[in-house]
Number of protein chains: 2
Amino acid sequence: MTCVMRIGQLARRSGVSVRALRYYEEQRLLESARTPGGQRDYPDEALERVQLIQDLFAAGLSSRTVVELLPCVSTGVATPAMVDQLIIERDRIAARIQDLTRAKTKLGRVIENVTAANVAQD
Amino acid sequence: MTCVMRIGQLARRSGVSVRALRYYEEQRLLESARTPGGQRDYPDEALERVQLIQDLFAAGLSSRTVVELLPCVSTGVATPAMVDQLIIERDRIAARIQDLTRAKTKLGRVIENVTAANVAQD
DNA sequence: CCTAAACCTGACGTCAACGTGAGGTACGTG
DNA sequence: CACGTACCTCACGTTGACGTCAGGTTTAGG
């Protein structure tokens, strides 16, 4: 058979594990054709999709949310409910950024404090 | 006994669960005095400390890391290793902010796309 | 003294995103 | 056709920050 891309290749190219790719399929985030022997065969576009999934995971979305939003993210077509969900998630991310920024500032001040103290000791 | 603050009060004031406070103690993040009857009694400063712990958790630090860094965060005194750790964590947070910002931008574009499509449909 | 509410210590359950074998099959190169 | 590597499907294990139930004790108030 002429395989476009098998799971090992996709894993190496995308930087995620083989297990993760099978998990994505289990969660209906990613489809695959199969060779007559039953091995997964991915089109080239799969790479892009995996990277998108990774981005959304990195943003803190759950696989359940991702599976709901992936269609409209790829196709650009969305129901009002999907749009609402998109906005909710974007706002959640924004709030999270606020939290992290605050924490970073706090840590920064602590760092200034202790380094100042150390310098004073010298 | 004259109790300063029992666990339920601290929980309500800080917004974390009673279970969480006991967990913090188990992880050595938070100490408590005990009444003769064995019930936890917290000083007023505990509230501040719990909020600090929450901030650090929210920033993605593990309890192990927090327990290592809490002393210098409260006292302002740190070994060089602790300073390194602080910097590592701050940079990790900064990187995470970058990720989230990227993801937020992506979602924002998707939202623009789909709303534009819906408007076009009208 | 009696009671209801708050508290105590175990100790097992949860959830997500995989990790990690076990045991067997497919692929492609010599 | 042999063989080494990549792949397959279960299915149980992992980690962190708690949730939750069980069974018993302490406390504050009337």
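A note on names: the letters A, B, ... follow the listed sequences, proteins ahead of strands, and every chain is numbered from 1.
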### Query
Looking just at side-chain N and O atoms, do B/Y24 and B/E31 make a donor-acceptor pair shorter than 3.5 Å?
no
### Task
Compare the minimum distances between each of D/dC8, C/dC18, D/dT20 and the side chain of B/R19, then state the nucleotide with the smallest one.
D/dT20
### Summary
With the side chain defined as heavy atoms from C-beta on, A/T35 is closest, among C/dC18, C/dC27, D/dG19, to C/dC27
### Query
Does B/V18 or A/V18 map to a spot on DNA chain C nearer the 5' end, using the closest nucleotide for each?
B/V18
## Note on the structure
All heavy atoms of A/G108 vs all of B/R90, minimum pair found to be CA-CD, 4.2 Å
#### Entry: Per B/R34 side chain, nearest of listed nucleotides D/dG19, C/dC8, C/dC27
C/dC8
### Task
Figure out the CG/P separation between A/D41 and C/dC27, and round it to whole Å.
11 Å
### Query
Quick one: on DNA chain D, does B/Q39 or A/R40 contact a more 5' nucleotide (nearest heavy atom)?
A/R40
#### Entry: 5' priority, DNA chain D, between B/Y24 and B/R6 [closest heavy atom]
B/Y24
### Message
By nearest atom, which of the nucleotides C/dA17, C/dC7, D/dA17 is closest to the B/S62 side chain?
### Response
D/dA17
### Rounded distance in Å - CD1 (B/I53) to P (D/dG16)
17 Å
#### Entry: Working for salt bridge (Lys or Arg N to Asp or Glu O under 4.0 Å), residues B/R49 and B/E25
CA-CA 12 Å; B/R49 192 176 179 93; B/E25 184 166 328; over 6 Å; no
### Query
Roughly, in whole Å, what's the span from CG in A/L21 to P in D/dT9?
13 Å
### Task
Tell me what B/R22 touches on the nucleic acid: a base, only sugar-phosphate, or nothing, going by heavy atoms under 4.0 Å.
base
### Query
Closest nucleotide of DNA chain C for A/S17 versus for A/G37: which of these residues is on the 5' side?
A/S17
### Query
Does one side chain, of B/Q39 or B/R6, offer a donor that lies under 3.5 Å from an acceptor on the other?
yes
### Task
For D/dA17, take OP1 and OP2 only and decide whether either is under 4.0 Å from a side-chain N or O of B/Y23.
yes
### Query
Across the strands shown, which category fits B/L61 at heavy-atom distances under 4.0 angstrom: base, sugar-phosphate, nothing?
sugar-phosphate
#### Entry: B/E26 CD to C/dG10 P, straight-line distance once rounded to whole Å
10 Å
### Message
Without decimals, in angstroms, what is the distance between B/E25 CD and D/dC18 P?
### Response
15 Å
### Message
Is a donor from one side chain sitting under 3.5 angstrom from an acceptor on the other, for A/Q98 and A/R102?
### Response
no
### Task
To the nearest Å, give me how far apart CZ (B/R64) and C1' (D/dT14) are.
17 Å
#### Entry: Between C/dA17 (P) and A/R28 (CZ): distance, integer Å
17 Å
### Query
C/dA16 P sits how many Å from A/L56 CG, rounded?
17 Å
